[in-house]
Amino acid sequence: MNICVRGLSSVYEPENVARLFFANARLVRRLPRKEDGVLARAGRRLAAGVRLGGRCTVLYAPRPADEKQAELALAGLVYELLKKVTGVRPPWGMLTGVRPVRIIHDRRAAGLSEAEIRRLFVETYDCTEKKFRLAKSIADLQRPILAARKPRDYSLYIGIPFCPSRCSYCSFVSLSTQREGRLMEPYLEALCREIEAIRDRAEDCGLDLKTIYIGGGTPTSLSADGLRKLMGTVAECFDLSRLEEYTVEAGRPDCTDAEKLAVLKEYGASRISINPQTFSDAVLERIGRKHSAADILRCFEEARAAGHDNINMDLIAGLPGDTVDGFAKSLRTALSLSPENITVHTLTLKRASNLVIGHADSDYGDVAAMLEECGALADAGYQPYYLYRQKGTLQNLENTGWCKPGKEGYYNIYIMEEVHSILSAGAGGSTKLVQPGGAKIERIFNYKYPAEYISGFDTILQRKEGVSEFYARYLDPQTAG
C-alpha cells in the first residue's frame, strides 16, 4: 500500500491517519499505476481517494482557509473514507498521538466541560466509548498528582544501554554484554561524571528533584560493584530522603541476583521493575530471552526477601507465538505474585527491532482479545494510572500501567503527561525541558551509542549548558516558585 499527499506543506496528519488502516504503507510522491494506494489532495476542495483490490472510491469536502485546519480536515476525510472502505473502526478513532490522556488535561485547563471533552473524543475523534472511559479514569486519578507540581520540579533519567542479549522486539539502544562488555567500565565512568554535571546544573537553576529512574537496556547488567559505583554517585549528588520515588529496572533474571537486589535496596531504590513480558518458556525462547519463567519467579522471591515492597512487572500482549489463553495465564501468574504495579504493553513493531515488520494481520489477530483479559486487573483491585500509544502498535492499541491504590509510578506520569523537565544522563539520553504550563518543550540530545557517548563526552557536557539557558529564559528568579 502507498500513500500520496498533495497540496499541503505538512502531510503528517493525513499520512498517519492512513497508517491507522495500513500500518506498513509507504509515503510516495506519486502513486504507481495499478497498485493499491491512498491519495489525499488539498486543492480548491479536499479530496481523498483509495484504490483497493482494483476498486476506486473517492470522497470530497470543502477546504478550510487555514493551512493547519485544512491538514486536519483532510486527515478526517481520509479517516472517513478508509473506515467506510475497510469496515475497520480503530479503537482510538482518528487519534494518532502518543498521549490521549494529555488531551483531557489540556482541555480541562482550557475550560471545556466534561460533556464537551467526551464529545471531542467520541464524536470528533470517533474514539470508542470504552477507550474514552479508560483515558478519563486515568486523567481523574492523575489530576491531584499533577496539581501538586511546581515550576522548578524535575526528574532524572539514567540510561544503561547494555543487556545480556537483545530481545527480538526491542528497538532501544542496547548492546550485548558479551560482545561489548569492554565498554561498560569507561561508560560508567563517563556516566557518573554526567550525573555530577547534572547535579551542578540543577543546583544552579534552583531545581527540585522529585523522581529518579534508572532504565535501559538492563541496569542490572552492571556488576554488583558497578551498581554500587553508579548508585553511590547518585546518593552523593542528591538528597534521596526528599525523593517521591527512585526506580531501578531489574528487568531480567538472567543478570539479576540476590546480591544486586540487596545493593539496589541498600542504595535507596524505592521501586524496581522485574519484567517477565510472558511466563511462557516457549515464547521467552522465541523472543530471545535466555531465561525461564521459573527464573522470573526466583528473582521476584529474592526481591521480596531483600525488602523490595514496590515492584512493577511488565507483560506484552501480542508476542510471537503467544495466544489469548497463554497471555491470560501469564497475567494470572503475575497477579498471583501480587506486585504493586503491572504494566501491560501492546507489541509494537519497529524497524529498529529484529521482528519482521511486514507480518500479516492474522499473525497478531488476537492482540485485542488479549487486552480484554486485563479486566482481571480491575477485578483484583488494580487501577489504570498511566497510558501511552506508539506508532506501529498492533491494532492501534495502547500501553497501560496498572497499580494498587496509592502505588502509582510517579516518573511514568510525569514523563508521559510532560508536566516537568526530565534531565537525562547516558547514551541515547534525551533531556526534555518543559516550560511551566507545558507551553514550550525543548530537547537536548546525548550521543546515541556508548562508544560515541564516551568519545564525545566533552560535547555532551557543553550541551548541558542549555539547561541553564532554558530556565534563564522561562523562569523569572524573582517570581518563580
Side-chain angles (χ1 to χ4, degrees), residues 10 12-14 16-17 20 64 66-76 79 90-155 210-211 383-391 393 396-401 408-422 430-443 470-471 473-475 480-481:
S10 171
Y12 178 87
E13 294 293 347
N16 283 285
V17 163
L20 295 176
D66 179 79
E67 178 79 1
K68 184 60 180 176
Q69 291 304 312
E71 180 186 356
L72 294 173
L74 185 58
Y79 176 81
W92 289 96
M94 63 178 292
L95 284 174
T96 60
V98 172
R99 299 173 171 83
V101 177
R102 173 73 184 273
I103 296 172
I104 298 177
H105 291 311
D106 289 346
R107 295 304 186 271
R108 283 174 170 171
L112 269 67
S113 69
E114 297 301 299
E116 288 172 323
I117 294 172
R118 181 192 170 279
R119 283 197 296 272
L120 177 69
F121 272 77
V122 176
E123 297 177 16
T124 303
Y125 297 146
D126 198 39
C127 178
T128 66
E129 187 72 40
K130 185 173 183 178
K131 294 304 182 187
F132 169 66
R133 288 198 304 268
L134 173 62
K136 183 181 181 302
S137 70
I138 293 171
D140 291 343
L141 183 148
Q142 292 179 353
R143 199 172 194 172
I145 296 171
L146 302 187
R149 298 303 97 220
K150 296 181 180 178
R152 293 188 187 272
D153 290 351
Y154 80 104
S155 291
K210 292 300 180 183
T211 72
Q383 302 169 307
Y385 78 94
Y386 93 110
L387 178 152
Y388 68 101
R389 302 174 64 229
Q390 295 171 278
K391 291 180 182 178
T393 299
N396 304 302
L397 292 165
E398 68 279 348
N399 309 297
T400 306
E408 300 86 358
Y410 284 93
Y411 175 86
N412 292 328
I413 294 173
Y414 296 155
I415 192 168
M416 199 49 56
E417 307 312 325
E418 298 180 319
V419 294
H420 70 214
S421 294
I422 310 288
S430 173
T431 287
K432 182 186 292 185
L433 302 170
V434 180
Q435 182 183 355
K440 186 174 180 63
I441 295 175
E442 296 182 10
R443 289 174 172 82
F470 178 87
Y471 281 99
R473 285 197 302 273
Y474 292 115
L475 280 182

Give a yes or no on whether the backbone of K150 and the side-chain of D153 come within a donor-acceptor separation of less than 3.5 Å. yes
Specify the closest pair of heavy atoms between V17 and A75, including all atoms of both residues, with the distance to one decimal. CG1-O, 3.6 Å
For K440, which residues count as a salt bridge (Lys or Arg N to Asp or Glu O under 4.0 Å) partner, sequence neighbours excluded? none
Interatomic distance, N412 atom CG to N399 atom CG [nearest 0.5 angstrom]: 11.0 Å
Using atom types as modelled and distance alone, determine if a side-chain donor or acceptor of T431 lies under 3.5 Å from a backbone N or O of R443. no
Taking only residues two or more places apart in sequence or in another chain, which ones pass salt bridge (Lys or Arg N to Asp or Glu O under 4.0 Å) with D126? K83, R89
Partner residues of Y411 under the ring-ring contact (aromatic ring centres under 6.0 Å, His included) criterion, sequence neighbours left out: Y213
For R118, which residues count as a salt bridge (Lys or Arg N to Asp or Glu O under 4.0 Å) partner, sequence neighbours excluded? E129
Just to verify, what does N396 make a side-chain contact (heavy atoms from CB on, under 4.5 Å) with, not counting sequence neighbours? L20, P90, R389
Could you tell me whether the side chain of Q142 reaches within less than 4.5 Å of the side chain of R102, counting heavy atoms only? no
Looking at every heavy atom in both K131 and P91, which two are closest together, and how far apart are they? CG-O, 3.4 Å
With Y385, which residues qualify under ring-ring contact (aromatic ring centres under 6.0 Å, His included), at least two apart? none
Shortest non-hydrogen contact from K432 toward I415: NZ-O, 3.9 Å
Scan for salt bridge (charged side-chain N to carboxylate O under 4.0 Å, His left out) pairs involving residues 137-147, sequence neighbours excluded, and state none if there are none. R108-D140, K136-D140
Would you please name every residue forming a salt bridge (Lys or Arg N to Asp or Glu O under 4.0 Å) with E67, sequence neighbours left out? R63
Distance in Å, Y79 OH paired with L74 CG, rounded so as to fall on 0.5 Å steps: 15.5 Å
With a 3.5 Å cut-off and sequence neighbours excluded, list the donor-acceptor pairs that the side chains of residues 92-99 form with protein atoms.
| from | atom 1 | to | atom 2 | distance (Å) |
| --- | --- | --- | --- | --- |
| W92 | NE1 | E398 | OE1 | 2.9 |
| R99 | NE | M416 | O | 2.5 |
| R99 | NH2 | E418 | OE2 | 3.4 |

Testing the basics here: between I138 and P384, what is the closest heavy-atom pair and its distance to 0.1 Å? CG1-O, 3.5 Å
Reported CG-to-CG distance for the pair L387 and L134, which is rounded to 0.5 angstrom: 5.5 Å
Return the set of residues passing side-chain contact (heavy atoms from CB on, under 4.5 Å) with A115 (not counting sequence neighbours), or none when no residue passes. S113, R119
With a 4.5 Å cut-off on side-chain heavy atoms, are Y154 and V434 touching? no
Closest approach of T124 and L120, non-hydrogen atoms and distance? CB-O, 3.1 Å
With rounding to the nearest 0.5 Å, note down the distance linking CD in E408 to CD1 in I145. 4.5 Å
Is a donor on one side and an acceptor on the other found under 3.5 Å between the side chain of T211 and the backbone of S155? no
Would you call E417 and R149 a salt bridge, using N to O less than 4.0 angstrom? no
Indicate yes or no: at least one non-hydrogen side-chain atom of F470 is less than 4.5 angstrom from one of Q435. yes
Contacts of S430 meeting side-chain hydrogen bond (donor to acceptor under 3.5 Å, both in side chains) (sequence neighbours excluded), chain-then-number -> none
Mind listing the closest non-hydrogen atom pair of L112 and E116 along with its distance? CA-OE1, 3.3 Å
Please list all pairs meeting ring pair (Phe, Tyr, Trp, His ring centres under 6.0 Å) that have one or both residues in residues 101-123, counting only residues at least two apart or in different chains. F121-Y125, F121-F132
